[in-house]
Amino acid sequence: MAGTVNEYPTPRQRSLLGLGMTRREFLIASGAVGSGMVLALTGCTPSQSTFPPSGTTPLPIPPLAPSSLAGGKRTFVLTAAAGQSQLISGRPEVRTPTMGYNGAFLGPTLRARHGEYISVHIRNDLSAPTTLHWHGMHLPALMDGGPHTPIASGETGTAEWEIKQPAATLWYHPHPHGQTEAQVLAGLAGIFIIDDDASLASGLPQEYAVDDLPLILQDRFLDSGGHIALVDGDNALGTIGNTLLANGLSGTHFDVTTELVRLRVLNGCSARFLDLSFDDNRTFTLVGTDGGLLSEPVQLGHLPLSPAERAEIIVQFRPGDRVKLRTERPNLPGGNAGVSDMTPGTFTEFRAASNMGTAMPWRLPTDQRAALDEAKSAHTRTFELKMPFLNGKLMDMERIDAIIRVGDIEVWEVFTTDPFPHNFHIHDVQFRILDIDGEPPPSHLNGWKDTVPVVPGQRTRLITRFEDYTDDLIPYMMHCHLLRHEDQGMMGQFLVTTDGTGPDHISMSHEHSARH
């Protein structure tokens with residue numbers, strides 16, 4: 001893959017005024033760059049090419065990953081490797097070097113049930129180290145796949161844990177410090193579905209690839225050769241491309257055969273904020289967010305999703321329908337600096353048959369998770385996102401930014417003083433949004449979440465409980481999930497310990513290994 005995705009130095013390799021930043025990063029961090037000047041710093045931006053699809057191709061559905069069940073353990077095997085892919089329908093001449101799991105681009109869907117003990121063997125056949133992070137999963141820090149558990153080229157890592165959370169749509173992707181954007185843009189990502197008894201009995205559509213579809217929505221910046229480019233300098237948010245992909249392909253359609261279809265939507269973009277709707281302005285039903293199913297369905301006409309957020313929606317079709325799922329240029333609260341490159345476009349088209357299967361009645365199950373009481377919070381923490389810093393500091397693999405006592409409820413307040421948006425992701429836990437500027441969150445954010453948008457001028461308060469797992473040496477991460485920002489240092493790390501005490505630094509004299 002050398003030369004396919006532009007390489008750039010990690011924060012520790014950068015040098016400017018002793019801060020480890022590029023000139024552009026220093027100007028942003030010092031307040032010298034507003035939204036207009038950010039767009040002017042484009043000296044290293046390659047030319048973006050557009051390859052219109054020739055017709056459409058059936059929407060590819062990631063295959064279900066095979067697994068074996070023995071001794072109470074469900075085992076999966078994933079191999080990360082380089083390949084070549086056709087990303088544009090009807091354009092076989094446009095061949096793109098890519099990366100994928102068990103294939104050339106993206107990865108299979110892993111599916112398991114609440115209460116199962118699972119094991120995933122991850123073989124790294126790339127030429128560089130990688131990790132595999134289980135985004136949204138509640139699991140031990142050693143198994144989380146953060147930057148402290150690298151898998152060397154040619155080696156195999158193993159992650160094992162018991163699934164202790166309800167039904168949800170999660171995802172997996174690499175998390176090597178300084179190289180996450182490059183590896184995700186190259187294609188390393190996939191869906192992880194958790195089922196439980198209540199969700200399976202709910203009547204919700206659940207026939208995979210028929211009426212229950214994973215939908216990984218991404219954009220890519222392609223150069224004149226059709227290669228994926230990692231762009232440094234054109235946008236304060238990171239790489240934003242005008243080639244829109246649904247499950248790894250531009251120019252697709254899905255043949256609908258049932259009245260109701262459940263879409264498990266992932267914003268898998270590096271930096272693009274999505275504003276999803278159908279081109280006939282139909283409404284649809286939101287039934288789940290990052291951390292699982294809602295208590296009550298929500299009717300929507302538009303669905304905003306920042307990078308890494310997920311949503312489960314139910315769409316009703318009539319015989320003969322032809323309707324496109326689109327994204328518009330987002331209109332973000334607090335200002336729209338940095339979003340001008342987020343051009344509108346179509347991800348995929350749904351084509352309903354003349355005769356369709358009748359949908360079953362469904363009802364959302366009762367949420368069994370205990371409500372989180374702010375009055376019982378043991379600690380309140382504040383996080384300022386100001387490029388490229390989190391609370392005024394660049395990510396340091398040896399510095400511990402917070403130590404949390406296992407079992408504690410905490411309130412975290414997040415905000416940005418930048419003129420452009422960010423978002424915020426916490427590893428290991430799902431949280432609820434208490435309020436945004438003192439007001440209840442909008443309906444599409446009123447569920448269990450692990451990632452939340454952070455826009456200029458707003459303060460968002462989150463509440464969560466840190467349960468089950470402790471580790472005095474291996475931290476979890478909290479960070480902006482705009483991947484360029486994460487790579488450049490807008491990330492911190494926390495330990496969960498038995499008594500809430502622990503070291504403020506850990507040694508990186510030897511790297512922790514994902515193998516055991």
Side-chain angles (χ1 to χ4, degrees), residues 4-5 46-63 83-100 103-107 184-191 209 213-231 239-257 261 263-282 303 305 307 315 317 320-330 341-353:
T4 300
V5 178
S47 175
Q48 181 169 195
S49 295
T50 300
F51 300 91
S54 177
T56 65
T57 301
L59 176 73
I61 306 297
Q84 281 205 344
S85 301
Q86 181 184 333
L87 303 185
I88 315 294
S89 294
R91 301 292 298 273
E93 76 280 9
V94 183
R95 301 295 295 178
T96 302
T98 55
M99 297 178 183
F105 196 67
L106 299 180
V184 173
L185 283 179
L188 294 177
I191 295 288
L213 309 180
L215 204 55
I216 303 172
L217 304 181
Q218 299 174 305
D219 61 348
R220 291 296 185 272
F221 188 118
L222 301 180
D223 67 15
S224 59
H227 291 196
I228 296 168
L230 189 154
V231 182
T239 300
I240 296 173
N242 61 22
T243 297
L244 301 183
L245 307 177
N247 292 345
L249 191 61
S250 177
T252 61
H253 67 267
F254 180 77
D255 292 322
V256 178
T257 58
V261 175
L263 300 179
R264 300 174 184 265
V265 183
L266 161 68
N267 181 345
C269 299
S270 168
R272 179 189 283 259
F273 287 67
L274 300 178
D275 182 9
L276 298 172
S277 62
F278 291 95
D279 68 341
D280 64 353
N281 297 317
R282 68 178 57 199
L303 175 63
L305 288 176
V315 187
F317 293 95
D321 272 354
R322 283 201 173 199
V323 59
K324 295 177 180 178
L325 178 64
R326 291 178 49 81
T327 185
E328 303 300 331
R329 182 177 285 111
D341 291 345
M342 300 180 193
T343 52
T346 296
F347 278 110
T348 192
E349 180 181 44
F350 293 90
R351 301 176 180 177

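Quick note: numbers below take in every heavy atom, side chains included, and nothing from hydrogens, waters or symmetry partners.
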Looking only at heavy atoms, which two atoms of Pro214 and Asn247 are closest? And how far apart? O-ND2, 3.1 Å
Under the side-chain contact (heavy atoms from CB on, under 4.5 Å) test, which residues partner Pro63, sequence neighbours left out? Pro108
List for me each residue that meets side-chain contact (heavy atoms from CB on, under 4.5 Å) alongside Pro344, sequence neighbours excluded, and say none if there are none. Arg326, Glu328, Arg329
Evaluate Asp321 against Val256 for side-chain contact (heavy atoms from CB on, under 4.5 Å), listing each step before the verdict. CA-CA 9 Å; Asp321 272 354; Val256 178; over 6 Å; no
Residues that Ala104 engages under side-chain contact (heavy atoms from CB on, under 4.5 Å), provided they are two or more places apart: Ser85, Thr98
From the list Arg322, Arg282, Arg351, side-chain contact (heavy atoms from CB on, under 4.5 Å) partner of Phe317 resolves to Arg282
Nearest 0.5 angstrom please: Ile191 CD1 to Ile61 CD1, how far? 11.0 Å
Partners meeting salt bridge (Lys or Arg N to Asp or Glu O under 4.0 Å) with Arg272 (sequence neighbours left out): Asp219
Please check this pair: side chain of Arg220 against backbone of Leu244, looking for a donor-acceptor N/O pair closer than 3.5 Å. no
Is a side-chain donor or acceptor of Thr239 paired with a backbone partner of Val231 at a separation under 3.5 angstrom? yes
Using the salt bridge (Lys or Arg N to Asp or Glu O under 4.0 Å) rule, collect all pairs that involve residues 53-63, keeping only residues at least two apart or in two chains. none
First locate atom CG of Leu325, then atom OG1 of Thr348, and finally report the distance between them rounded to the nearest 0.5 Å. 7.5 Å
CG of Leu59 to CD of Glu349, rounded to nearest 0.5 Å, is 11.5 Å
Between Gly226 and Thr96, the two heavy atoms sitting closest are O-OG1, 2.7 Å
Donor-acceptor pair, distance only, cut-off 3.5 Å: does the side chain of Arg91 make one with the backbone of Pro52? yes
Residues in side-chain contact (heavy atoms from CB on, under 4.5 Å) with Ser224, at least two apart? Ser49
Rounded to the nearest 0.5 Å, the NZ atom of Lys324 sits from the NE2 atom of His253 at a distance of 12.5 Å
Quick one: closest heavy-atom pair of Ala271 and Pro307, and the distance? C-CG, 3.8 Å
Which residue, Leu276, Thr252, Leu245, Leu215, forms the side-chain contact (heavy atoms from CB on, under 4.5 Å) with Phe347? Leu276
Would you say that Leu87 contacts Phe105 through its side chain, given a criterion of any heavy-atom pair below 4.5 Å between the two side chains? yes
What's the separation between atom CG in Asn267 and atom CD1 in Ile216, rounded to the nearest 0.5 Å? 11.5 Å
Let's go through Leu213 and Phe254 carefully: what are the C-alpha distance in whole Å and the side-chain angles of both, what is the deciding distance for side-chain contact (heavy atoms from CB on, under 4.5 Å) to 0.1 Å, and is it a yes or a no? CA-CA 10 Å; Leu213 309 180; Phe254 180 77; 3.6 Å; yes
Can you see which heavy atom on Asp280 is nearest to which on Val323, and at what distance? OD1-CG2, 3.4 Å
For Leu249 and Pro58, which heavy atoms make the closest approach, and how far apart are they? CD2-O, 4.4 Å
Please test Phe51 against Leu222 for side-chain contact (heavy atoms from CB on, under 4.5 Å), starting from the C-alpha separation and ending with a verdict. CA-CA 9 Å; Phe51 300 91; Leu222 301 180; 3.9 Å; yes
Test side-chain contact (heavy atoms from CB on, under 4.5 Å) on Met342 and Ile240; report intermediate values, then the result. CA-CA 7 Å; Met342 300 180 193; Ile240 296 173; 3.8 Å; yes
Atom pair SG (Cys269) and CG (Leu274), whose distance is rounded to the nearest 0.5 Å: 5.0 Å
Looking only at heavy atoms, what is the nearest atom pair of Thr57 and Gly90, with distance? OG1-N, 4.1 Å
